[in-house]
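Since the structure is predicted, the reported quantities are computational estimates derived from the model, not experimental observations. Below, chains carry the letters A, B, ... as their sequence lines are ordered, and counting in each starts from 1.
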There are 2 protein chains.
Amino acid sequence: MAITKAELFDKKQVQTAEFAKALGHPARIAILEILAKRDTCICGDITEQLPLAQSTVSQHLKALKSAGIIKGEIDGVRTCYCLDEETISDLQEIMKNFLTNLSTQHSNCC
Amino acid sequence: MAITKAELFDKKQVQTAEFAKALGHPARIAILEILAKRDTCICGDITEQLPLAQSTVSQHLKALKSAGIIKGEIDGVRTCYCLDEETISDLQEIMKNFLTNLSTQHSNCC
DNA sequence: ATCGTATATCGTAAATTTACGATGAATATA
DNA sequence: TATATTCATCGTAAATTTACGATATACGAT
């Protein structure tokens with residue numbers, strides 16, 4: 001079962017894992033980089049820049065959105081996507097903390 | 001198909017996503033934290049500290065190992081796991097770069 | 001040589017992910 | 001109003017992930 005026993009872990013651990021998971025696909029990394037390159041919101045042209053079908057891109061966008069990393073606003077026919085700076089700050093903080101905790105000490109190992 | 005069209009993306013993007021994916025489960029986050037808490041290597045007691053079966057923990061360890069984030073050395077009957085400081089440095093660098101690139105500028109959005 | 005312990009691997013089941021085409025809903029344009 | 005465009009969602013298929021128990025392997029201890 002791909003049931004993740006998330007409830008058996010720390011809230012913090014679950015949150016860290018969820019953010020990491022949201023970044024766990026090259027298409028989503030690429031989407032975030034595309035959004036970052038712009039100083040304005042972006043609509044449909046995301047799909048054109050990726051080697052994936054429109055519906056697939058839409059799915060990845062949904063994943064990023066439900067992780068809170070991007071925002072999407074409807075603007076007429078189009079949907080306007082951009083980064084959610086606030087969540088990205090959190091993400092940055094969480095990852096930094098997690099990773100620096102990993103990298104302190106550890107001398108007499110393997 | 002869960003076939004990730006990884007070859008269609010940047011090497012850097014694929015690497016970033018792979019690292020993120022390796023961190024994308026609370027059990028793996030927990031394992032890394034357990035390993036970090038020790039200044040010595042750790043063997044079997046990892047399983048005892050997690051709400052998962054031994055075989056499942058072994059699978060997660062394997063995932064972390066093949067991402068290069070931990071090392072495992074056989075020591076008699078037991079296997080001794082510890083963090084791979086070098087990869088963690090890389091990981092830190094990669095994540096920092098990626099995330100700070102996301103968080104620069106972006107004013108006139110949504 | 002046998003027994004017990006530690007850990008990896010195998011087999012399996014269920015859920016999830018990734019991907020695509022087709023369809024639907026909403027809006028802009030002719 | 002009819003048509004075209006944009007994007008989300010549905011249906012579906014295949015691969016992967018997560019999880020477990022059972023088994024295999026390898027070593028240490030008796």
Next on the checklist: Looking at the base of D:dA19, is there any donor atom on it, or on the side chain of B:Gln59, that sits under 3.5 Å from an acceptor on the other one?
Outcome noted: yes
Next on the checklist: Determine whether B:Ser103 and A:Gln92 satisfy the following criterion, side-chain hydrogen bond (donor to acceptor under 3.5 Å, both in side chains), listing intermediate values before the conclusion.
Outcome noted: CA-CA 9 Å; B:Ser103 64; A:Gln92 234 163 354; 3.2 Å; yes
Checklist entry - Looking across every strand, which nucleic acid part, if any, lies under 4.0 Å from B:Lys21 by heavy atom: base, sugar-phosphate, or nothing? => result sugar-phosphate
Checklist entry - Roughly how many Å is it from CD1 in A:Ile46 to P in D:dT6, rounded to a whole number? => result 14 Å
Checklist entry - For B:Asp10, does its backbone N or O pair with a side-chain atom of B:Gln13 as donor and acceptor, under 3.5 Å? => result yes
Checklist entry - Please give, in whole Å, the distance from D:dT6 P to A:Glu48 CD? => result 8 Å
Item to check | Exercise: do B:Thr79 and B:Glu73 side chains pair donor with acceptor under 3.5 Å | outcome: no
Next on the checklist: Tell me the interatomic distance from B:Leu61, atom CG, to D:dA19, atom P, rounded to whole angstroms.
Outcome noted: 13 Å
Checklist outcome for this item: To the nearest angstrom, the CG-C1' distance between A:Asp45 and D:dC7 comes to 13 Å
Item to check | A:Arg78 CZ - D:dA4 P separation (whole Å) | outcome: 18 Å
Checklist entry - Taking only residues two or more places apart in sequence or in another chain, which ones pass side chain to side chain donor-acceptor pair (under 3.5 Å) with A:Glu18? => result none
Next on the checklist: Which nucleotide wins on minimum distance to the side chain of B:Arg28, given the candidates C:dT9, D:dA19, D:dT18?
Outcome noted: D:dT18
What N/O pairs connect the protein and nucleotides 21-27 of chain C at under 3.5 Å? Give each pair on its own line.
unit_1	atom_1	unit_2	atom_2	d
C:dG21	N7	A:Ser55	OG	3.2
C:dG21	O6	A:Ser55	OG	3.2

Item to check | Atom-to-atom span, NZ of B:Lys62 to P of D:dT16 - whole angstrom | outcome: 14 Å
Checklist entry - Should A:His25 be listed as having a side-chain N or O under 4.0 Å from OP1 or OP2 of C:dA19? => result yes
Item to check | Beyond-backbone contact of B:Ile29 with B:His25, side-chain heavy atoms, under 4.5 angstrom | outcome: no
Checklist entry - Rounded to the nearest Å, what distance is computed from the OH atom of residue A:Tyr81 to the P atom of nucleotide D:dT6? => result 15 Å
Checklist outcome for this item: Closest of C:dT16, D:dA19, C:dC20 to the B:Leu52 side chain is D:dA19
Next on the checklist: Would you say B:Thr79 places a side-chain N or O within less than 4.0 Å of OP1 or OP2 belonging to C:dA8?
Outcome noted: yes
Next on the checklist: Is there a side-chain contact between A:His60 and the phosphate of C:dT17, meaning an N or O under 4.0 Å from OP1 or OP2?
Outcome noted: no
Checklist entry - Whole Å only: how far is the CG atom of A:Leu50 from the C1' atom of D:dC7? => result 15 Å
Checklist entry - Quick one: side-chain contact (heavy atoms from CB on, under 4.5 Å) partners of A:Lys65, sequence neighbours excluded? => result A:Ile70, A:Tyr81
Next on the checklist: Tell me if a side-chain donor or acceptor on B:Thr100 pairs with a main-chain N or O of B:Lys96 at a distance below 3.5 Å.
Outcome noted: yes
